[in-house]
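Data first, discussion second: the structure below is written as structure tokens.
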Amino acid sequence: MKFLVLLLILFTSCANGEKSLEVERGNTRYGGYLAFASVSDPKSFNPVLAKETSTTSITGLIFEGLTRVNVYTKEAEPNLAKSWQIKRGGKEWVFYLREDVKWNDGVPFSADDVVFTFNSLIYNSKIPSSASDVLKVDGEPFKVEKIDDYSVRFTLSSNYAPFLMAMGTDILPKHILADVVKADKFNSFWTLDSTPSGIVGTGPFKLSRYIPGQLVELVRNEHYWKKDKDGNSLPYLKGVRFLVVPNSDTALLKFLDSEIDYYSLRGEDYAILKPEEKSKGFKIYEVGPAFGSSFITFNQNNSINPKTQETYIDKRKLEWFRDRRFREAVSYALDRSSIIDIVLNGFGYPQSGPLSPSSGYFYNSNIEEHGYDLDRAKELLSDIGFSDIDSDGILEDKSGEDVSFNLFTNAENNVRVKIAELIKEDLINVGIKVNFLPLEFNNLVTKLSSSYDWEAIILGFTGGIEPHFSSNIWLSSGHLHIWYPKQERPATSWEAEIDKLFKDGVQALGRKKRKSIYDSWQEIASRELPLIYTAIPESIFAVRDKFGNLDPNPYGGVFHNIEEIYIINKEE
Amino acid sequence: MLIYILKRFLIALPLILVISLVAFLFINLTPGNFFNQMRLNPQISEETIEKYIELYQLDKPVLMQYFAWLKRIIHLDFGYSFAYNIPVAKVLGTRVLNTLLLTLSSLFFTWLVALPLGIVAAVKVDRAWDRLISFLSYVLLSIPTFFMAFLLLYFAYLAGILPLGGMVSANFTELSLFFKILDLFKHLIIPTLVISLGAIASLVRIMRGNLLEVLRSNYILALRARGISEKRVTYVHALRSAINPLITIFGYQISGLLSGAALTEIICNWPGLGSLMLSAVRSQDIYLVMGSMLVSSVMLIGGNLIADILLGFADPRIRVK
């Protein structure tokens with residue numbers, strides 16, 4: 001198959017050999033632009049201060065880290081560092097840097113830049129960097145020292161298993177930023193009104209133009225270090241453009257109209273795009289489960305509100321929510337296949353554990369799945385002592401009051417609102433009444449993080465491949481341990497168990513050992529159901545039929561190897 | 001007249017002050033703050049978020065924040081946007097220009113088309129032309145703007161001539177000046193139509209109604225009795241008085257120049273104030289919201305003032321009062 005593709009590429013590039021005059025060293029792969037749609041403007045061009053994806057999708061092309069994640073093995077692989085050595089049982093790491101790397105202004109890259117990035121930027125207490133939390137072990141920063149121009153030593157206060165993964169953080173140029181930091185101006189540096197050429201990274205592209213609300217244009221970095229196997233310098237593309245298109249229906253039309261080359265499909269778009277595939281010249285890739293999750297969670301916070309001297313929610317309900325059988329019954333009562341059919345238009349998978357099947361190595365495929373089983377759900381509910389005394393179809397608890405709860409989600413998320421409607425119907429089938437109320441996002445977050453006055457919430461987290469990076473969710477002391485955040489000591493034995501697993505998991509260095517630790521975590525999570533997962537969408541991408549070296553992947557997306565991607569048919 | 005204008009100015013100042021105070025309090029009444037969206041990111045610790053809140057002084061009492069803001073406004077400093085980390089004036093600048101480009105072109109187009117059509121409808125009252133124009137304006141009046149936007153975008157997609165939303169094409173940067181202007185013009189057509197069509201429809205109705213009313217009044221009858229030609233009666237005498245009420249409408253349209261196009265902007269992907277404001281309000285980017293609110297209220301008050309002044313010029317009865 002690969003051979004065939006290669007032949008095809010050879011054939012097409014021969015056929016167009018005469019036409020495309022944009023040739024560098026006789027190679028026809030060079031040239032052309034790739035056009036994306038971005039939901040919003042970038043917010044900054046400063047990768048250290050970047051807070052959201054419309055910014056990082058752009059800075060990610062301009063800057064690079066010492067390592068990068070291999071999208072197939074999901075392990076860290078060399079990038080700006082060509083190799084590394086582990087010493088003292090994982091507490092000391094020595095990185096050997098590539099010597100052929102230059103910043104896009106032509107200045108050579110060296111160990112000074114790495115040391116500067118960590119010591120003067122990421123660990124600088126005056127700079128609010130969202131990356132700094134991942135680059136600490138037990139709240140302690142790493143000690144970063146230069147050994148010589150091309151080697152750097154990192155000393156850790158204790159073992160940190162995701163260390164190599166964390167080393168993917170972007171490295172910034174000392175020769176540009178040293179003075180800026182000294183003048184205390186870094187927090188307002190490399191903003192949207194900066195001169196494009198002043199933004200200096202080592203990545204395959206550099207910023208060339210930004211028109212607010214309309215367009216971000218990047219062009220190839222001629223100093224980029226990576227070469228293809230024939231020794232031609234990469235990237236092949238002349239540049240990349242991001243058109244700002246806030247409305248996804250407009251983006252869809254723009255994709256059909258060939259103005260953009262890539263569109264990430266929602267389930268409902270499939271029926272529109274699939275029939276046009278041939279005539280409009282694009283291809284739809286279904287690459288597997290995505291990473292985002294959607295779950296329903298119940299408030300289990302039984303601590304006392306200092307203001308009222310009572311629990312944050314009704315004690316009676318708290319008792320149900322803290323009963324595993326109740327959560328299990330809800331899980332059995334969820335008809336996940338209808339969620340997939342109705343909400344995701346058939347493009348999804350039932351989810352039962354915290355990791356996406358696409359996360360690879362750490363995913364535990366043996367965890368217990370809760371199929372749709374109304375009898376089992378009813379049985380569990382009557383075990384708790386719920387019964388329909390007044391036969392109005394709604395169960396009553398021991399005190400004789402209706403079993404009902406309020407369910408919140410953020411109103412602007414259509415998928416969650418639809419899931420909530422379905423869950424409401426599913427639960428009435430087993431006699432639980434749900435009052436669904438969509439809320440404004442900030443209101444919801446306030447309830448979750450400070451007022452704690454909620455009963456049930458539908459939410460989702462963007463998942464990843466490294467379980468430790470979700471420790472703020474799973475550690476009982478974590479602020480995102482949303483069902484009962486910031487506990488002083490674990491409220492239940494299973495939470496204590498998960499705490500221990502996460503503490504072991506971050507220390508253990510062998511991959512196998514970590515796998516078995518995180519396997520047990522996933523087992524406990526799917527047994528105790530603090531988060532009752534619903535469904536995970538399929539990643540579907542549509543890409544215009546003109547790119548070579550395309551290799552879509554659920555983790556990396558379509559353009560994870562953007563420096564190697566080239567345009568087969570250049571229409572110019 | 002000058003004293004009148006001066007008076008209006010003096011009334012406007014406390015009005016703006018009150019508007020800004022109410023707006024500021026309301027944004028702060030909604031739960032949470034800008035940095036709430038970071039709270040659900042598992043990789044960001046609470047300490048980091050607290051650091052941001054402290055840095056932007058969101059931990060201070062609301063009134064203190066308001067007066068600090070007010071103090072800066074007096075020096076024409078609109079503060080920083082949390083999201084963009086650059087001065088609010090810079091974020092607003094290009095957006096305001098984009099919105100003005102769109103709304104002014106729609107305003108121009110609306111009046112250019114609506115006035116003649118309204119006159120034709122009134123002159124040819126109850127004849128085929130009038131019926132057609134009335135029918136079309138009823139249809140256009142009943143289509144909501146957002147739907148009209150989608151409809152036109154879909155037609156544009158089918159026809160394949162006009163660009164589908166946005167303000168410039170992807171290859172804008174490579175074009176020569178002439179083609180840049182052409183490209184911009186092409187992008188302007190659909191959103192302009194979306195905003196104008198509804199406005200044209202209602203303006204045609206008003207123009208027709210006004211002119212008919214005037215044409216049926218006694219002094220027109222008197223003019224006709226004096227033997228003045230029908231053309232002169234209609235286009236010189238009747239038209240002038242029929243247009244008077246429209247001047248007020250024109251003033252109101254000026255006041256809506258910055259805010260009237262939000263929905264169209266969002267759907268047609270026009271990088272104006274609309275979409276910026278929506279996300280700023282949603283994410284509680286306070287100073288950005290306040291900045292644009294201030295600009296909009298100045299426009300509103302200014303628009304009304306302009307309307308009154310114009311009316312004063314056109315109608316001596318008002319000037320005398």
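We name chains A, B, ... by the order of the sequence lines, and we start the count at 1 in each one. Quick note: numbers below take in every heavy atom, side chains included, and nothing from hydrogens, waters or symmetry partners.
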Please give me the minimum heavy-atom distance between [X] and [Y], naming the atom from each residue.
{"X": "B:Pro271", "Y": "A:Gly213", "answer": "CB-O, 3.1 Å"}
{"X": "A:Lys43", "Y": "B:Ala83", "answer": "CB-O, 3.1 Å"}
{"X": "B:Val168", "Y": "A:Leu243", "answer": "O-CD2, 4.5 Å"}

Check each atom of [X] against the heavy atoms of chain B and say whether the ones under 4.5 Å are side chain, backbone, both or neither.
{"X": "A:Ile260", "value": "neither"}
{"X": "A:Leu444", "value": "neither"}
{"X": "A:Lys486", "value": "side chain"}
{"X": "A:Phe242", "value": "neither"}

Gap separating the OH atom of B:Tyr84 from the CG atom of A:Asp193, nearest 0.5 angstrom: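 Between atom OH of B:Tyr84 and atom CG of A:Asp193 there are 13.0 Å.
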
Against chain B, work out which of A:Asn442, A:Leu256, A:Ile482 has the most heavy-atom pairs shorter than 4.5 Å and name it.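 That would be A:Asn442.
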
Report, by ascending residue number, the residues of residues 143-153 of chain B in heavy-atom contact with chain A at a distance under 4.5 Å; give 'none' if the set is empty.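 Only B:Phe150, B:Leu153 of residues 143-153 of chain B have a heavy atom under 4.5 Å from chain A.
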
Just by distance, do the side chain of B:Asn269 and the backbone of A:Val244 share a donor-acceptor pair under 3.5 Å?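 Between the backbone of A:Val244 and the side chain of B:Asn269 there is a qualifying donor-acceptor contact (under 3.5 Å).
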
Short question: side chain of A:Thr250, backbone of B:Ile267 - any donor-acceptor pair under 3.5 Å?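 Yes, the answer is positive, given that a donor and an acceptor are paired below the 3.5 Å cut-off.
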
Partner of A:Pro212 by side-chain contact (heavy atoms from CB on, under 4.5 Å), out of B:Asn98, B:Thr94, B:Val91, B:Leu276: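 Exactly one candidate clears the test, B:Thr94.
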
